[in-house]
Enquirer: 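Below is one structure. I have some questions about it.
Only this structure's heavy atoms are used, side chains among them; waters, hydrogens and symmetry mates stay out. Not measured: the values here are computed from a predicted model.
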Amino acid sequence: FDCWLLMRGIFTLPIRMKAINDNALAVANFLAGHPKIDRVLHIGLSSHPHYGLGIRQMTGYGGLFSFLIKGGAEEALAMTTRLNLIKRATSFGGVHSTIEHRASVEVGTNTPPSLLRISIGLEHPDDLIEDLAGALG
């Protein structure tokens, strides 16, 4: 049964990954221009230090990236509680968008306290952006 499910899902993997790539880049561009965001770490943005390498080696950048919110850990955590569509979770890779505050789930980490990691799914990018815009205020 597991093999059958894998075979069934593999046929749509390219179109799902294209949608996730496109959605993630749209969300990253939105966040990069938001005044409450300090920095967006998405290799598909020209501001990323390895952007040129990404263009040479990749055909898409995936749906997982990080961003640093202004205001530190308290504001980062508070922002995740104001989201409606994007759910707070530590498991990535599904078709629904999720977000996590890595510093609060990883003991002894060097992760910046204001860093949020987001996994973009198949929701419409306008809906994801609207959810983030509302949560950021």
Side-chain angles (χ1 to χ4, degrees):
F1 182 70
D2 290 340
C3 292
W4 177 79
L5 287 174
L6 179 64
M7 290 297 296
R8 185 180 71 161
I10 204 80
F11 290 111
T12 60
L13 181 61
I15 194 73
R16 286 184 283 131
M17 284 310 303
K18 181 181 180 342
I20 287 169
N21 285 326
D22 293 348
N23 291 354
L25 191 55
V27 169
N29 276 308
F30 162 75
L31 290 169
H34 197 283
K36 291 190 177 177
I37 300 300
D38 190 37
R39 184 174 177 203
V40 179
L41 304 165
H42 186 291
I43 198 167
L45 297 178
S46 61
S47 59
H48 194 281
H50 302 297
Y51 173 72
L53 180 64
I55 285 179
R56 289 193 308 276
Q57 292 185 344
M58 303 166 122
T59 58
Y61 306 108
L64 182 64
F65 66 95
S66 299
F67 60 97
L68 290 96
I69 191 166
K70 293 178 182 174
E74 286 183 24
E75 181 52 33
L77 284 166
M79 183 272 220
T80 65
T81 66
R82 295 188 293 264
L83 291 165
N84 295 307
L85 179 63
I86 302 167
K87 301 301 179 201
R88 189 167 170 200
T90 58
S91 177
F92 296 126
V95 296
H96 301 288
S97 297
T98 58
I99 195 165
E100 79 166 354
H101 181 251
R102 191 77 207 146
S104 66
V105 296
E106 188 176 88
V107 177
T109 183
N110 291 330
T111 302
S114 64
L115 184 132
L116 294 171
R117 193 160 59 166
I118 190 165
S119 177
I120 300 297
L122 293 175
E123 301 92 349
H124 195 281
D126 292 346
D127 295 334
L128 295 169
I129 290 168
E130 181 180 328
D131 195 28
L132 288 161
L136 288 166

Enquirer: I need the minimum non-hydrogen distance between Phe65 and Leu41, along with the two atoms involved.
Expert: CB-O, 3.4 Å
Enquirer: Hey, could you give me the CD1/OG distance between Ile55 and Ser46, rounded to the nearest 0.5 Å?
Expert: 8.5 Å
Enquirer: Does a side-chain heavy-atom distance below 4.5 Å link Phe30 with Ile37?
Expert: no
Enquirer: Heavy atoms only: give me the nearest Ala76-Pro113 pair and the separation to one decimal.
Expert: CB-O, 4.2 Å
Enquirer: His42 versus Val27: any side-chain heavy-atom pair under 4.5 Å?
Expert: no
Enquirer: Please determine whether residues Phe11 and Trp4 belong to a single hydrophobic cluster, defined as Ile, Leu, Val, Met, Phe, Trp and Tyr linked transitively by side-chain heavy-atom distances below 4.5 Å.
Expert: no
Enquirer: How many angstroms lie between CG in Leu25 and OH in Tyr61, if you round to the nearest 0.5 Å?
Expert: 7.5 Å
Enquirer: Hey, does Leu116 have a side-chain heavy atom less than 4.5 Å from the side chain of Thr80?
Expert: yes
Enquirer: How far does CG of Leu6 sit from CZ of Arg8, to the nearest 0.5 angstrom?
Expert: 11.0 Å
Enquirer: Hydrophobic clustering (ILVMFWY, side-chain heavy atoms < 4.5 Å, transitive) - are Leu5 and Leu13 grouped together?
Expert: no
Enquirer: Is there any salt bridge (charged side-chain N to carboxylate O under 4.0 Å, His left out) pair reaching into residues 98-118, and which pairs are they, with sequence neighbours excluded?
Expert: Glu100-Arg102, Glu100-Arg117, Arg102-Glu106
Enquirer: Check whether any side-chain heavy atom of Ile120 lies under 4.5 Å from a side-chain heavy atom of Leu128, and answer yes or no.
Expert: yes
Enquirer: Minimum heavy-atom separation for Gly62 and Ala24, please, with both atom names.
Expert: O-CB, 3.5 Å
Enquirer: Tell me, which pairs form a salt bridge (charged side-chain N to carboxylate O under 4.0 Å, His left out) where one or both residues lie in residues 70-87, sequence neighbours left out?
Expert: Glu75-Arg82
Enquirer: Could you list all the side-chain hydrogen bond (donor to acceptor under 3.5 Å, both in side chains) pairs where at least one residue sits in residues 127-137, not counting sequence neighbours?
Expert: none
Enquirer: Could you report the tightest heavy-atom contact between Leu68 and Pro112, atom names first, then the distance?
Expert: CD2-CB, 3.8 Å
Enquirer: By side-chain hydrogen bond (donor to acceptor under 3.5 Å, both in side chains), which residues pair with Ser104, not counting sequence neighbours?
Expert: Arg88, His101
Enquirer: Looking only at heavy atoms, what is the nearest atom pair of Leu83 and Ile86, with distance?
Expert: CB-O, 3.4 Å
Enquirer: For Ile129 versus Ala26, what's the shortest heavy-atom pair and its separation?
Expert: CD1-O, 3.9 Å
Enquirer: Are any side-chain N or O atoms of Thr109 and backbone N or O atoms of Ala103, one a donor and one an acceptor, separated by less than 3.5 Å?
Expert: no
Enquirer: For Glu123 and Asn23: C-alpha separation, side-chain torsions, deciding distance, then whether side chain to side chain contact (heavy atoms under 4.5 Å, CB included) applies.
Expert: CA-CA 8 Å; Glu123 301 92 349; Asn23 291 354; 5.8 Å; no
Enquirer: Run the side-chain contact (heavy atoms from CB on, under 4.5 Å) test against Lys36 and tell me which residues pass, sequence neighbours left out.
Expert: His34, Leu136
Enquirer: Atom OG in Ser119, atom CD1 in Ile20: separation rounded to 0.5 Å?
Expert: 7.0 Å
Enquirer: Does any part of the side chain of Arg39, heavy atoms only, come nearer than 4.5 Å to the side chain of Phe67, both counted from C-beta?
Expert: no
Enquirer: Hey, is CD1 on Ile15 packed in by over 12 heavy atoms from elsewhere, all under 6.0 Å?
Expert: no
Enquirer: Could you pull out all residues at least two apart from Ala32 that satisfy side-chain contact (heavy atoms from CB on, under 4.5 Å)?
Expert: Val40, Leu45
Enquirer: Measure the CE-CD1 distance between Met79 and Ile69 for me, rounded to the nearest 0.5 Å.
Expert: 4.5 Å
Enquirer: With rounding to the nearest 0.5 Å, note down the distance linking CD1 in Ile118 to CG in Leu31.
Expert: 6.5 Å
